[in-house]
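All ligand and atom numbering here is 1-based and tracks the order in the structure. All residue numbers refer to positions in the sequence shown, counting from 1.
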Amino acid sequence: MPVIAIVIPVFNEQAVLPELCARLVALFEAQPDYRWRAVLVDDGSRDESVAIIRAQNARDPRFELIELSRNFGFQSALAAGLEHAHDCDAVVTMDADLQDPPEVIPEFVASWRAGAEVVRATRRSRAETGLRRIGFDLFHALFQRLTDFPIEPNTGTFGLLGRDALQAYLQLPERHRFFPGLRSWIGFPSAAVFYDRQERAAGQPQQTFRRLLRYALDGVFSFSHLPLRLLTYTGLFVALIGFAIGLFFIVRRLIGVEIAFTGFTTLTTLVLFLGGIQLIGIGILGEYLGRMYDEVKQRPLYVVKRRTAGRQ
Ligand code: UDP
Ligand code: MG
């Protein structure tokens, strides 16, 4: 029987875990043709999440728990779960907060059985509104233009990887991980399944705005060299203007126009403007350099504190 693991990073989700477990059990019971494993990765929760998952594991050993030694962030927790599930025939990746409804998983499985190695869940609608929504839309528009490996707009982590795609993903060694981008990078035949993104079932979003911004920057910087190229173009453009202005003054001098000492405002503006552009340039270089430093250090993505194994 094919084994399918559902990998779920969990960070302070005590409010939704009981419902999550119940809905997963319902899914497992409705799909008896597969052996199901739920791999819950606790990303250093400070609430009762671990106790709830452990109790669930005692009742139903299809639920497994991996506890990380501290909060490593969503991407690392996801990688921990996927590595743990490396021997499965397929893995489903999803959030714990039930914004990704487990009820669409049978459709992923059907697509996978029909030959798709990568299944992406595509949102027909999004429950988020306001600033968060604007942020998500902006990011997708920007990412689309910047990178050579576009991710479909309206897709996130939710989806399925077949065995080959999973092995390919596990071979990617990088520390700054942007899952949708990596999933697009590995290739393979893919399919989309449409669903309606739900409101969080309970609790607060655990991804703060700062984290989402960092995540977005990771996406851009690890999938595009365009910021660097833009810098080169800006430099060329400014140098060209400088050259033209220089020429203008030389010619004026040669034809004998007197130069009075004016232009204080122009000078200050130019100095500040160029200084600003240079600092932005150094900042962009720094973004790449800092990421290179992280890669070179070769630290593991996460540290496991304890595993509570399951049985299928
Ligand atoms: N999460 C995590 N580590 C973190 C932050 C979040 O494992 O440091 C998990 C969280 O428990 C949830 C998923 O990542 O399962 C998505 O988080 P959230 O719903 O807060 O983010 P959003 O829906 O806003 O992207
Ligand atoms: Mg969420």
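For the pair Arg123 and Phe158, the cation-pi test (distance below 6.0 Å, angle within 45°) is failed.
The distance from ligand 1 to the heavy atoms of Gly73 drops below 4.0 Å at these ligand atoms: 3 (N), 8 (O). Listed by atom number, the atoms of ligand 1 under 4.0 Å from Ala96 heavy atoms are 12 (C), 15 (O). Applying the 4.0 Å criterion to heavy atoms of Glu13 picks out, from ligand 1, the atoms 10 (C), 11 (O), 12 (C), 15 (O).
Polar contact check, Phe11 against ligand 1: a nitrogen or oxygen pair lies under 3.5 Å apart.
The part of Val10 lying near ligand 1 is the backbone, judged by heavy-atom distances below 4.0 Å. The part of Asn71 lying near ligand 1 is the side chain, judged by heavy-atom distances below 4.0 Å.
Distances from the Mg ion (ligand 2) to each N, O or S atom of Asp97 single out OD2 as the nearest.
One N or O on the side chain of Glu117 and one on the backbone of Arg163 form a donor-acceptor pair closer than 3.5 Å.
Using a cutoff of 4.0 Å between basic side-chain nitrogens and carboxylate oxygens, Glu29 and Arg62 are scored as salt-bridged.
Neither side chain, Ser222 nor Arg291, offers a donor N or O lying under 3.5 Å from an acceptor on the other.
For CD of Gln167, the number of neighbouring non-hydrogen atoms (other residues, nucleotides, ligands) closer than 6.0 Å is greater than 12.
Taking the six-membered ring for Trp and the full ring otherwise, the centers of Phe74 and Phe179 sit at least 6.0 Å from each other.
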